[in-house]
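Not measured: the values here are computed from a predicted model.
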Amino acid sequence: MNITEISINCRQDEFYRPSLESASDTLTLYILKSPAVFRINGEYTLKHKSSFIIINSNTSYNIYATGEVLIYDRIIFRYDKKSDMTLQHDINTNTMYPLSSSSKTDYIMNMLLNEYYKLGNHKNELLSQYTASLFMVLASEIKTDFSSESLPYYDKLLEIRRNIHSNPSEKWTVDSICKQVNLSRSYFQLLYREAFGITCINDVIESKVRLACQLLESTQKTVSAIASVCGYDSDVHFMRQFKKITGLTPSEYRKKESKGNFSERQK
């Protein structure tokens, strides 16, 4: 696996939501230092405060922040099956894994960056060694149990999150949810974000937007009707939140998806 591009501490505004596609015969590693959303081949991923994900070649995806600036490191590797470290370490591509801390990889990333732009006699050998060390760290993080299950009220929080994602049409509010777990608003929000790497209200919004996307793709319901099904009293509010998450208006999204489906049928 040879490095073709490396960058550290990239910053992406929350309103910048590029549509990307990884090149053939490449793997793209993202080390996320803030909560993020990936939409890979039309499917949303989970989010974590610190995490990493390796995007497979020829993969269409979007990456954007959840309510704040997105910060990440990125390396693009030229794919070589004989030296594919994702296979060697049982790391699945297009899967987001939590990191206990991005500081675990910061030192190696800086070493890789420094060596990448040098012209020393042992450059390739050192890059290979640092790359191997990086993947060993990532693999060890996968095998290490540092989940949020030790947080107070984790089981209750998980049950609430399942209800939110199972019933996106409900008119969820933070105050009504707090009453279910009998916690103060500030403490509940702190625990929820610590457990899932996203605020409760953003989780609610994203679950509603996912439902809206499904309805736009699979039904002929009007935008107004879909807003109502998703639990919105205001069409304007719905359209504003939909565009913030997807980068498109509901009508633009439906038009884009219908073109994509037509192209697939033509193949």
Side-chain angles (χ1 to χ4, degrees), residues 14 17 32-40 42-51 53 63-70 95-101 144-219 221 223-246 250 253:
E14 64 174 305
R17 301 177 177 196
L32 301 156
K33 300 181 177 181
S34 62
V37 173
F38 273 83
R39 189 169 185 256
I40 301 174
E43 296 294 327
Y44 289 93
T45 68
L46 295 174
K47 287 80 56 187
H48 299 277
K49 180 179 264 187
S50 295
S51 53
I53 186 170
I63 173 176
Y64 48 91
T66 57
E68 58 185 81
V69 174
L70 177 62
T95 302
M96 190 175 285
Y97 293 102
L99 275 174
S100 55
S101 172
T144 301
D145 182 13
F146 54 83
S147 70
S148 303
E149 295 181 12
S150 59
L151 280 175
Y153 306 99
Y154 178 78
D155 289 340
K156 288 186 177 180
L157 293 171
L158 187 59
E159 181 179 356
I160 286 171
R161 194 178 198 212
R162 286 171 178 160
N163 286 336
I164 288 171
H165 285 255
S166 299
N167 303 283
S169 59
E170 291 287 331
K171 295 180 180 179
W172 300 100
T173 66
V174 173
D175 288 336
S176 65
I177 294 171
C178 288
K179 289 179 181 179
Q180 296 180 31
V181 288
N182 197 27
L183 294 173
S184 70
R185 182 185 178 94
S186 59
Y187 187 47
F188 166 76
Q189 293 189 111
L190 176 66
L191 290 177
Y192 197 96
R193 181 156 191 159
E194 189 66 24
F196 307 121
I198 186 173
T199 64
C200 180
I201 195 62
N202 279 340
D203 219 3
V204 168
I205 292 169
E206 289 179 16
S207 70
K208 291 179 180 295
V209 169
R210 279 195 294 273
L211 174 60
C213 287
Q214 293 169 11
L215 293 172
L216 287 165
E217 293 172 20
S218 61
T219 75
K221 290 180 182 291
V223 171
S224 181
I226 289 174
S228 179
V229 170
C230 294
Y232 287 89
D233 294 324
S234 165
D235 293 359
V236 173
H237 188 208
F238 163 67
M239 289 187 285
R240 185 183 297 121
Q241 290 191 339
F242 187 94
K243 186 168 185 178
K244 185 175 181 181
I245 294 294
T246 66
Y253 180 90

Exercise. Between Asp233 and Lys171, does a side-chain contact (heavy atoms from CB on, under 4.5 Å) hold up when you go through it step by step?
Worked result: CA-CA 9 Å; Asp233 294 324; Lys171 295 180 180 179; 2.7 Å; yes

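- Remark: side-chain polar atoms of Tyr64 are not paired, donor with acceptor, to backbone N or O of Val37 under 3.5 angstrom.
- Between the CD1 atom of Ile245 and the CZ atom of Arg210 there is a distance of 9.0 Å, given to the nearest 0.5 Å.
- Taking both residues in full, the closest heavy atoms of Gln241 and Val209 are given as O-CG2, 4.2 Å, listed atom of the first, atom of the second, then distance.
- Nearest heavy atom pair, residue Ile164 against residue Asp203, reads CG2-O, 4.2 Å.
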Exercise. Should Val181 and Tyr153 be marked as a side-chain contact (heavy atoms from CB on, under 4.5 Å) after you check the CA-CA gap, both sets of side-chain angles, and the distance that decides it?
Worked result: CA-CA 8 Å; Val181 288; Tyr153 306 99; 5.7 Å; no

For this session: For side-chain contact (heavy atoms from CB on, under 4.5 Å), just list the numbers for Ile226 and Tyr232, CA-CA rounded to whole Å, side-chain angles, deciding distance to a tenth of an Å, and then say yes or no.
Result: CA-CA 9 Å; Ile226 289 174; Tyr232 287 89; over 6 Å; no

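- Ile177 contributes atom CD1, which lies 6.5 Å from atom CD of Gln180 (distance to the nearest 0.5 angstrom).
- Contact annotation: the side chain of Leu32 approaches that of Leu70 to within less than 4.5 Å [non-hydrogen atoms, C-beta and beyond].
- At a threshold of 4.5 Å between non-hydrogen side-chain atoms, the residues Ile198 and Glu206 count as touching.
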Exercise. Given Asn163 and Glu170, is the side-chain contact (heavy atoms from CB on, under 4.5 Å) satisfied, shown in steps?
Worked result: CA-CA 9 Å; Asn163 286 336; Glu170 291 287 331; over 6 Å; no

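- Contact of the Glu217 side chain with the Tyr253 side chain is registered, since non-hydrogen atoms from C-beta on lie closer than 4.5 Å.
- Taking each heavy atom of Ala225 and Lys221 in turn, the nearest pair found is CB-CB, 4.3 Å.
- The two residues Phe238 and Pro250 have their closest heavy-atom pair at CE2-CG, 3.7 Å.
- Atom CG of residue Leu211 and atom CG of residue Leu216 lie 9.5 Å apart, to the nearest 0.5 angstrom.
- Crowding of Asp175 atom CG: a count of heavy atoms from other residues, nucleotides or ligands under 6.0 Å exceeding 12.
- The nearest pair of heavy atoms linking Pro35 to Arg193 is CG-NH2, 3.8 Å.
- Taking CG of Asn202 as the start and OG of Ser207 as the end, the distance is 10.5 Å to the nearest 0.5 Å.
- For the atom pair NZ of Lys179 and OG1 of Thr173, the computed distance is 8.0 Å after rounding to the nearest 0.5 Å.
- Looking at Phe242 and Lys208, their side chains never come closer than 4.5 Å, going by heavy atoms from C-beta outward.
- Taking every heavy atom of both residues into account, Asn167 and Trp172 meet most closely at O-NE1, 2.9 Å.
- With values rounded to the nearest 0.5 angstrom, Arg161 atom CZ is found 5.0 Å from Tyr192 atom OH.
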